[in-house]
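Notes follow the structure.
Every number for a ligand or one of its atoms is a count from 1 in the order of the listing.
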Amino acid sequence: MPVVSGSNAADLAASLAEELGWEHHPLEVRRFPDSEGYVRVPQTSISAIREEPVVLVSTTFPDSGIVEALLMLESIYDVRRGDLSNLKGEGEQSIDDVGPGIFLAVPYFGYSRQDKKFQQGEVISAKLLARLLTRRCDGLIVLDLHAPEVLSDLDVPVSFVSSMPEIASHLQQFVQPDFVLSPDKGAIERASHVAKAIGCNFSYLEKTRIDAHTIEHKAKDLEVDGAIVAIVDDMISTGGTICKASDALRRQGATAVHAACTHGLFTGGAITRLANHVDGVHATDSLPNPRSVVSGAPAIARGVKDLISRVL
Ligand code: R5P
């Protein structure tokens with residue numbers, strides 16, 4: 001089966017294809033001088049995309065990734081539907097519709113944190129985006145989505161997968177933590193999975209976000225005196241959450257503090273900020289980042305297999 005990608009997840013798509021023993025088909029993607037995107041299924045990939053179900057790998061971050069994902073879905077949909085018309089009217093205009101079989105794998109789902117209307121007049125961006133993306137696919141695979149509940153009422157099946165098993169193996173091999181900390185209540189499930197897989201102690205902090213750059217943690221006694229601690233979260237953006245949690249751990253005697261996450265956004269100087277607070281930062285390749293040390297491909301492969309068994 002073909003694993004297809006555009007510009008933002010080509011390496012991960014290649015790893016996924018290898019993991020599944022399938023073929024990787026990069027689409028033709030480029031930008032016009034005004035920055036608008038262009039997408040085309042190359043002639044050499046048309047038969048592969050029509051012969052078997054297809055997995056498209058695309059992040060929805062930054063915003064250009066959303067447009068690219070929509071364009072790629074539409075072009076794959078047309079090819080499978082048999083609409084091969086073009087302006088010049090050359091070649092076959094219309095052939096058989098090969099039916100459903102487009103799966104979209106989203107390694108990093110941009111806008112996932114706007115999962116509620118926190119104030120009047122807001123949009124639930126994550127839900128809107130999911131609805132747009134699922135117009136032209138028959139199933140969705142999402143890696144470590146911030147709050148999976150937001151995609152609960154889609155018209156297509158969704159496979160929620162996690163890189164926490166691979167993050168746990170990586171931490172066990174390279175960090176050997178005595179203690180795993182979730183920096184907020186939202187990450188408890190993920191971080192406790194890692195603690196359980198490693199077989200070490202676990203606790204969590206209660207976080208209040210004041211604004212995008214300011215958070216506060218409720219004081220809590222943690223038994224970390226002399227311990228190596230790994231803080232595990234779904235994503236690191238400014239690094240503020242991790243730096244604050246690390247300070248609390250150090251005050252209570254932790255000898256080393258590492259941070260691990262699936263999505264390494266690392267915005268606006270986060271890498272430098274983190275370097276002053278933690279001993280190591282470990283992320284997956286769900287989006288390109290300078291601390292990518294864990295592959296997201298095994299988790300996405302689990303989702304692909306899950307969807308295929310449910311849908312086909
Ligand atoms: C929020 O609840 C997320 O799970 C992360 O904790 C948060 O997005 C991290 O953001 P930052 O690195 O900017 O503190």
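Here Glu122 does not pair with Lys117 in a salt bridge; the nearest charged N to carboxylate O distance is not below 4.0 Å.
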Can you give each donor-acceptor pair under 3.5 Å made by side-chain atoms of residues 237-249, sequence neighbours left out, with the distance rounded to 0.1 Å?
unit_1, atom_1, unit_2, atom_2, d
Ser237, OG, Thr267, OG1, 3.2
Thr238, OG1, Gly240, N, 3.1
Thr241, OG1, Lys207, NZ, 3.1
Lys244, NZ, Ile215, O, 2.9
Ser246, OG, His277, O, 2.7
Asp247, OD1, His277, ND1, 2.9

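Closer than 4.0 angstrom to ligand 1 lie heavy atoms from Arg113, His146, Asp184, Lys207, Arg209, Asp233, Asp234, Met235, Ile236, Ser237, Thr238, Gly239, Gly240, Thr241.
For Asp153, the salt bridge (Lys or Arg N to Asp or Glu O under 4.0 Å) partners are Lys127, Arg131, not counting sequence neighbours. Evaluation of the salt bridge (Lys or Arg N to Asp or Glu O under 4.0 Å) rule for Glu19 yields no partner, not counting sequence neighbours.
Using a 4.5 Å heavy-atom cutoff, the side chains of Glu223 and Asn201 are not in contact.
Two different hydrophobic clusters hold Val304 and Val106 under the rule that ILVMFWY side chains link at heavy-atom gaps under 4.5 Å.
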